[in-house]
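Just so it is clear: chains get the letters A, B, ... in the order the sequence lines come, proteins before strands, and each one is counted from 1.
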4 protein chains.
Amino acid sequence: MEGIMKTRIPVAVVGATGLAGQQFLAALENHPLFELVALAASSRSAGKRYRDAVRDEQGASRWFADGPLPEAFADLIVQDGAAFDPTTVGLVFSAVDGDTARSLEGKYATTTPVVSTASAYRYEDDVPLVIPPVNPDHVELLSLQQERRGWKGFVAPIPNCTTTGLAVTLAPLVRSFGVELVLMTSLQATSGAGRTPGVPALDVIDNVIPFIPKEEEKVATETRKILGALGASGIIAHPAPVTATCMRVGVTDGHTESVFVRLGQAASKGGVTEALRGFEAPPDVQDLPSAPRRWIEVSDDPYRPQPRLDRESGGGMVTSVGRIREDDALGNGAKYVLVSHNTKMGAAKGAILLAELLHARGRLG
Amino acid sequence: MEGIMKTRIPVAVVGATGLAGQQFLAALENHPLFELVALAASSRSAGKRYRDAVRDEQGASRWFADGPLPEAFADLIVQDGAAFDPTTVGLVFSAVDGDTARSLEGKYATTTPVVSTASAYRYEDDVPLVIPPVNPDHVELLSLQQERRGWKGFVAPIPNCTTTGLAVTLAPLVRSFGVELVLMTSLQATSGAGRTPGVPALDVIDNVIPFIPKEEEKVATETRKILGALGASGIIAHPAPVTATCMRVGVTDGHTESVFVRLGQAASKGGVTEALRGFEAPPDVQDLPSAPRRWIEVSDDPYRPQPRLDRESGGGMVTSVGRIREDDALGNGAKYVLVSHNTKMGAAKGAILLAELLHARGRLG
Amino acid sequence: MEGIMKTRIPVAVVGATGLAGQQFLAALENHPLFELVALAASSRSAGKRYRDAVRDEQGASRWFADGPLPEAFADLIVQDGAAFDPTTVGLVFSAVDGDTARSLEGKYATTTPVVSTASAYRYEDDVPLVIPPVNPDHVELLSLQQERRGWKGFVAPIPNCTTTGLAVTLAPLVRSFGVELVLMTSLQATSGAGRTPGVPALDVIDNVIPFIPKEEEKVATETRKILGALGASGIIAHPAPVTATCMRVGVTDGHTESVFVRLGQAASKGGVTEALRGFEAPPDVQDLPSAPRRWIEVSDDPYRPQPRLDRESGGGMVTSVGRIREDDALGNGAKYVLVSHNTKMGAAKGAILLAELLHARGRLG
Amino acid sequence: MEGIMKTRIPVAVVGATGLAGQQFLAALENHPLFELVALAASSRSAGKRYRDAVRDEQGASRWFADGPLPEAFADLIVQDGAAFDPTTVGLVFSAVDGDTARSLEGKYATTTPVVSTASAYRYEDDVPLVIPPVNPDHVELLSLQQERRGWKGFVAPIPNCTTTGLAVTLAPLVRSFGVELVLMTSLQATSGAGRTPGVPALDVIDNVIPFIPKEEEKVATETRKILGALGASGIIAHPAPVTATCMRVGVTDGHTESVFVRLGQAASKGGVTEALRGFEAPPDVQDLPSAPRRWIEVSDDPYRPQPRLDRESGGGMVTSVGRIREDDALGNGAKYVLVSHNTKMGAAKGAILLAELLHARGRLG
């Protein structure tokens with residue numbers, strides 16, 4: 001990251017004590033644009049110093065994000081999310097769970113921009129679902145959202161972590177060849193489910209769990225929205241059907257996805273490889289502080305990508321692709337495997353990247 | 001199993017010391033039709049008692065199949081596979097590795113029936129690839145094989161362990177609806193790769209390996225052959241394209257497969273479920289000693305099948321299916337998840353089942 | 001098990017929906033002495049059929065014990081444990097969690113015998129801690145308990161699952177050589193912590209957790225009580241100090257323990273082996289329905305015992321021992337490794353074994 | 001690391017293609033004192049560019065160390081270790097396997113210093129076993145070695161990876177309290193066994209392997225030698241008996257050890273903590289390029305250390321300690337858990353640290 005701005009934008013993290021919230025803190029340490037000044041969580045944590053709010057009953061630390069708890073944030077007093085005044089900051093990062101996300105985020109957004117990892121608003125007509133290198137122009141939909149709802153702020157959610165890697169890799173294929181059909185099977189990491197309770201160890205030792213509630217519907221709907229066209233009254237979903245089977249495997253971080261795609265025209269293995277390798281974002285997205293040098297890295301090694309070896313690529317912001325093959329079975333078909341970091345590009349760091357885009361495009365006031 | 005025949009057929013296991021070979025021994029203990037009388041392996045093991053041939057340098061047992069080493073076989077002297085006289089038995093089970101399988105099996109077959117887990121002969125025109133409940137009539141091709149090659153015996157291979165579960169579940173769909181396209185992603189257990197060296201622990205701890213050499217080609221070719229029609233000069237492959245991506249995960253036994261299929265006509269979730277649940281083999285196959293009561297078990301629990309919980313169903317001979325869903329994306333599409341035991345139905349026990357069929361159909365002299 | 005008694009004792013399982021409770025149901029199917037007639041759990045489950053009480057919100061079965069849910073029990077209506085009338089049965093099996101165990105078990109015991117897997121009463125002076133093959137005579141202490149407390153029933157807890165394997169293997173060493181000091185490090189399976197939430201997958205993937213709250217104190221206190229002498233007013237703890245470090249590893253079932261012990265007199269490796277192999281319980285214990293043929297199995301294979309390979313030995317009732325070595329460092333020292341099934345011998349099946357002993361010794365009325 | 005020396009010492013890595021050898025390459029990139037100029041391995045790899053020597057038959061990279069293969073070394077031509085001329089370098093790092101280590105290292109040492117991860121020479125009277133922060137003065141024994149054997153070079157091995165963490169943590173206890181008895185149980189990572197074949201996945205999925213050949217003897221002998229006193233004709237082993245049970249668990253990197261120790265005098269938990277936290281090496285060791293800021297980090301969190309969370313501390317050079325408890329059972333006893341990175345401090349990076357010490361103390365000519 002470049003030098004830190006003279007005056008950074010004060011931001012809050014709501015839902016700060018959970019696994020996703022912790023990752024916001026880890027990622028906001030020394031951020032050049034955003035200065036974390038407020039933390040909020042449920043009433044149970046309210047009033048505690050953050051370092052104490054992430055301790056268990058025995059006093060042991062329940063901080064699980066990379067690296068130690070940033071000292072700069074450890075003594076911030078956790079506020080009650082329900083009582084938090086969003087006008088004290090210029091931006092709220094929300095890592096709140098589905099149930100309370102709807103009410104809290106809507107309340108904050110009346111005055112303040114909200115960037116969220118929750119799904120509560122993802123499927124609203126006037127809510128864009130933006131992955132900065134894929135569909136940055138969809139942020140324009142926020143104007144409609146503000147107008148319709150009479151909000152000074154807005155809610156800008158990021159997609160589900162399983163959608164992200166898929167959409168990032170489909171974007172260059174849509175551009176180069178067109179995409180007509182997508183079939184995906186995911187092997188998802190356990191961190192996506194949080195930690196308490198999260199995925200029980202008994203589920204993934206010597207085992208695979210073939211179902212993740214609501215995940216397949218999210219992937220199908222979100223991917224088509226992200227790849228869709230910005231219309232006057234919302235996003236026109238991309239016409240290609242997307243179908244998925246989502247499973248859980250014994251991996252800590254990094255979702256692996258097996259993708260079959262029917263392209264709009266014939267493409268060789270080399271052509272698909274070139275399209276993915278050559279994928280670039282618009283210049284202003286490329287210059288965002290959290291942007292990796294490349295969004296997609298393609299390996300020729302048939303044993304890659306692997307979640308343990310590739311998930312941290314580009315600080316967890318890169319989607320790693322391998323095993324690109326032509327697929328005659330599908331007709332103009334291609335197949336490949338991707339690995340995407342579900343709690344970095346797919347969660348907190350991805351949300352911060354979106355906030356950086358919103359700043360670059362003048363949406364943060 | 002029912003009562004033991006008065007006079008059982010004397011059989012040999014070649015490649016007896018490896019993981020697959022051991023599983024033949026475990027499965028042949030007290031078999032009603034076959035009496036294991038001879039064991040063969042590489043020259044390194046030749047001349048040793050079997051119990052000593054499966055010890056390491058420190059004297060520790062390297063027996064890894066279920067249950068203890070059957071005492072009845074422990075003191076058999078291991079013969080050199082290259083020098084073994086197949087006329088001393090009525091049937092040879094071959095668990096030899098790819099490289100030597102071609103020469104050894106061909107040699108044995110000049111005089112003696114060979115049932116093999118190796119891939120050496122699978123793709124020959126005059127070699128059937130039989131899963132007893134799916135395509136028992138393909139055994140008739142053995143007559144052509146014997147005639148063309150001038151063999152008194154034959155080579156009857158079983159398919160790759162990853163093909164087996166897929167073909168078993170496609171068979172009822174072919175019958176009920178027709179099948180036009182198959183896309184499969186496998187999450188394969190480590191036991192399929194044997195044990196020395198087998199899959200290194202470093203590959204599957206907190207990780208997924210997205211490639212298994214030659215596996216995808218095997219699945220595509222074998223599935224279409226198994227589901228194909230018996231013609232005068234060989235099998236006419238089923239016309240539906242089959243495409244697969246095969247991965248390795250940290251599971252001991254039991255391959256999990258995510259299947260997408262385009263059917264020949266529309267079928268509801270209930271219809272697909274009924275077709276799979278109702279799948280039956282011909283009466284003589286149903287009566288084989290190793291046949292489970294049902295070949296396919298379908299679960300309505302969305303969290304099933306799971307390899308650890310379902311692999312041992314029916315003694316490892318059942319294919320467990322769940323997550324049946326209609327799939328509009330494909331057009332007359334369906335998707336489901338299956339679990340199949342790769343070293344039981346998919347290897348030694350599957351080979352014994354095939355031998356039982358060959359016996360029932362009068363092919364063992 | 002032998003034939004079923006004409007009139008079996010009606011029993012209840014309280015805490016029936018949890019992982020430990022489920023295992024009681026699995027183990028009581030077709031039990032020759034006990035007829036399961038009542039199930040109780042928290043008020044949340046009360047009034048539901050058992051099969052529905054172990055479903056999640058999506059309707060998926062949360063039954064996790066071996067085998068399918070026994071049909072004989074599936075339609076029993078779950079009662080509220082707080083309102084359950086223990087006089088309707090001859091024995092209550094309690095699988096209640098620590099917090100409510102104290103009040104519920106004490107209440108039931110005023111009228112009815114209670115055999116419990118909970119720790120609530122384990123450390124009371126008038127409560128014996130019995131492993132049938134080790135200290136069956138300690139059941140006599142129940143008379144004192146009934147007298148002192150004015151109870152018609154009693155509470156008979158089993159020890160912590162980590163204690164069980166240790167105490168079983170120390171018993172023959174105490175008899176043959178005396179034991180002066182015990183140091184143990186455990187590598188514990190995840191099933192010991194239940195399932196919801198249980199051990200999070202993130203804790204044990206590519207990891208070890210070096211702490212299990214209260215476990216080390218339990219092991220030290222309980223082992224000395226079990227190996228202690230029955231005195232007039234309670235158990236006189238065995239004098240040998242016991243110290244433990246308890247860790248969690250990524251294993252589903254089966255605790256592995258590394259034991260160092262200073263014996264009362266010099267003993268060769270052969271002597272220790274013989275003492276462990278020769279361990280026998282009194283004849284009436286040996287005849288209990290759940291008793292395995294041998295309580296301890298000793299392997300000479302240096303790579304055994306292993307939890308995955310040995311935990312199910314004797315239906316999970318055997319303690320498997322290996323790696324017996326003399327240990328000069330300790331002075332008359334020995335060291336060995338054991339594997340014990342934490343949810344069978346160490347939980348529900350161990351409690352049923354204790355109930356069988358109580359029946360044999362006339363304690364069940 | 002500080003600035004790179006004007007003229008670095010040219011060094012070779014022998015055994016460069018294995019897992020340990022790869023880690024030397026990863027650690028020598030941009031090393032301030034050593035310039036890697038030559039690579040050697042078995043004749044099978046000789047003549048190939050290094051990047052090709054670490055490819056498999058399919059052309060896939062078998063490079064497994066952290067980060068990508070350093071470009072600076074990728075095109076070095078691998079030499080045949082048996083024919084390698086050690087006078088072309090100022091120091092040889094040997095990562096050769098046990099069998100050939102003895103002959104090769106002895107041959108090289110006639111002219112050139114050798115720092116080795118192999119065990120071949122560890123137990124010779126005139127060979128020191130040095131962990132720089134623990135017993136740096138033992139390097140003086142190299143003079144005796146050179147004199148006795150008539151070597152211009154020498155062989156300086158590092159200890160076994162399991163010994164390292166134990167010896168590092170015992171050193172401050174020896175200094176502060178004296179140590180009279182050590183009992184240790186290890187839970188070792190799979191990377192210690194290399195990769196081909198390494199530990200089979202089947203061994204550690206849902207499992208523990210209770211035996212690692214020769215490991216326990218190595219730990220006992222080496223620990224006492226490292227903690228011993230330098231005498232005129234060799235090291236006088238520390239008198240405290242050391243006994244270990246060594247196991248393998250499903251962890252990629254980082255050995256966990258449960259240690260019980262009887263101290264020479266009573267010490268409180270606070271005292272032991274302070275001794276470990278206060279551990280410092282002599283100033284010249286502290287200044288070595290690979291030295292971490294602290295050698296031991298002590299956590300008060302009862303759930304630490306954990307291999308996945310703590311192994312990379314200080315670049316893998318720190319020994320993490322936690323769960324410090326007084327232990328009355330032992331008499332002046334203490335117990336704790338440690339995590340040490342087996343392939344960093346315990347292998348290649350530890351060997352480089354030793355080479356840095358040899359340089360600092362004028363042993364590299």
Side-chain angles (χ1 to χ4, degrees), chain A residues 181-187 189-190 202-213 216 220 240-260 299 301-311 322-323 325 327-331 333 335-339, chain B residues 181-187 189-190 202-213 216 220 240-260 299 301-311 322-323 325 327-331 333 335-339:
Chain A
L181 172 64
V182 178
L183 305 102
M184 187 272 279
T185 297
S186 65
L187 290 73
T190 58
L202 287 175
D203 273 10
V204 293
I205 297 173
D206 193 10
N207 209 20
V208 169
I209 299 292
F211 180 53
I212 302 173
E216 295 161 6
V242 175
T243 177
T245 290
C246 295
M247 310 205 193
R248 189 79 67 187
V249 294
V251 166
T252 55
D253 292 310
H255 288 352
T256 303
E257 303 179 17
S258 161
V259 182
F260 298 86
S299 175
D301 184 335
Y303 291 99
R304 303 292 277 270
Q306 296 175 19
R308 200 180 75 230
L309 300 187
D310 293 304
R311 60 194 172 204
R323 305 230 49 226
R325 290 149 293 163
D327 193 348
D328 293 340
L330 266 177
K335 50 184 178 174
Y336 58 90
V337 174
L338 71 86
V339 165
Chain B
L181 171 64
V182 178
L183 305 101
M184 187 272 280
T185 297
S186 65
L187 291 72
T190 59
L202 287 176
D203 273 10
V204 294
I205 297 173
D206 193 9
N207 208 19
V208 169
I209 299 291
F211 180 53
I212 301 174
E216 295 161 5
V242 176
T243 176
T245 290
C246 293
M247 311 205 193
R248 188 79 67 187
V249 295
V251 166
T252 56
D253 291 310
H255 289 352
T256 303
E257 304 181 17
S258 161
V259 183
F260 298 86
S299 176
D301 184 333
Y303 291 97
R304 304 291 277 268
Q306 297 175 18
R308 199 180 75 229
L309 300 187
D310 293 305
R311 61 194 170 204
R323 304 232 50 225
R325 291 148 292 162
D327 193 348
D328 293 340
L330 265 177
K335 49 184 178 173
Y336 58 91
V337 174
L338 72 88
V339 165

Tell me which of these, [options], has more heavy-atom pairs under 4.5 Å with chain A than the rest.
{"options": "B:S258, B:P213, B:P241, B:A220", "answer": "B:S258"}
{"options": "B:G250, B:G333, B:P305", "answer": "B:P305"}
{"options": "B:T252, B:N207, B:V208", "answer": "B:N207"}
{"options": "B:L181, B:L187, B:L330", "answer": "B:L187"}
{"options": "B:R323, B:Q306, B:M247", "answer": "B:R323"}
{"options": "B:P307, B:G254, B:G322", "answer": "B:P307"}

Pair B:F211-A:D301, side-chain contact (heavy atoms from CB on, under 4.5 Å): steps then yes or no: CA-CA 10 Å; B:F211 180 53; A:D301 184 335; over 6 Å; no
Given heavy-atom pairs under 4.5 angstrom as the criterion, report whether the side chain, backbone, both or neither of [X] touches chain A.
{"X": "B:R304", "answer": "backbone"}
{"X": "B:T256", "answer": "side chain"}
{"X": "B:D253", "answer": "backbone"}

Exam field: side chain B:R325 to backbone A:T245, donor-acceptor pair closer than 3.5 Å: no
Distance, nearest 0.5 Å, that separates CG of B:L309 from CD1 of A:I209: 7.0 Å
Proximal component of A:Y303, with respect to chain B [non-hydrogen, under 4.5 Å]: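 For A:Y303, heavy atoms of backbone and side chain both lie under 4.5 Å from chain B.
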Residue, of A:V259, A:V249, A:L183, that accumulates the most heavy atom pairs under 4.5 Å with chain B: A:L183
Which atom of A:D206 lies closest to which atom of B:R311, heavy atoms considered: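 Heavy atoms only, the tightest pair is OD2-NH2, 2.9 Å.
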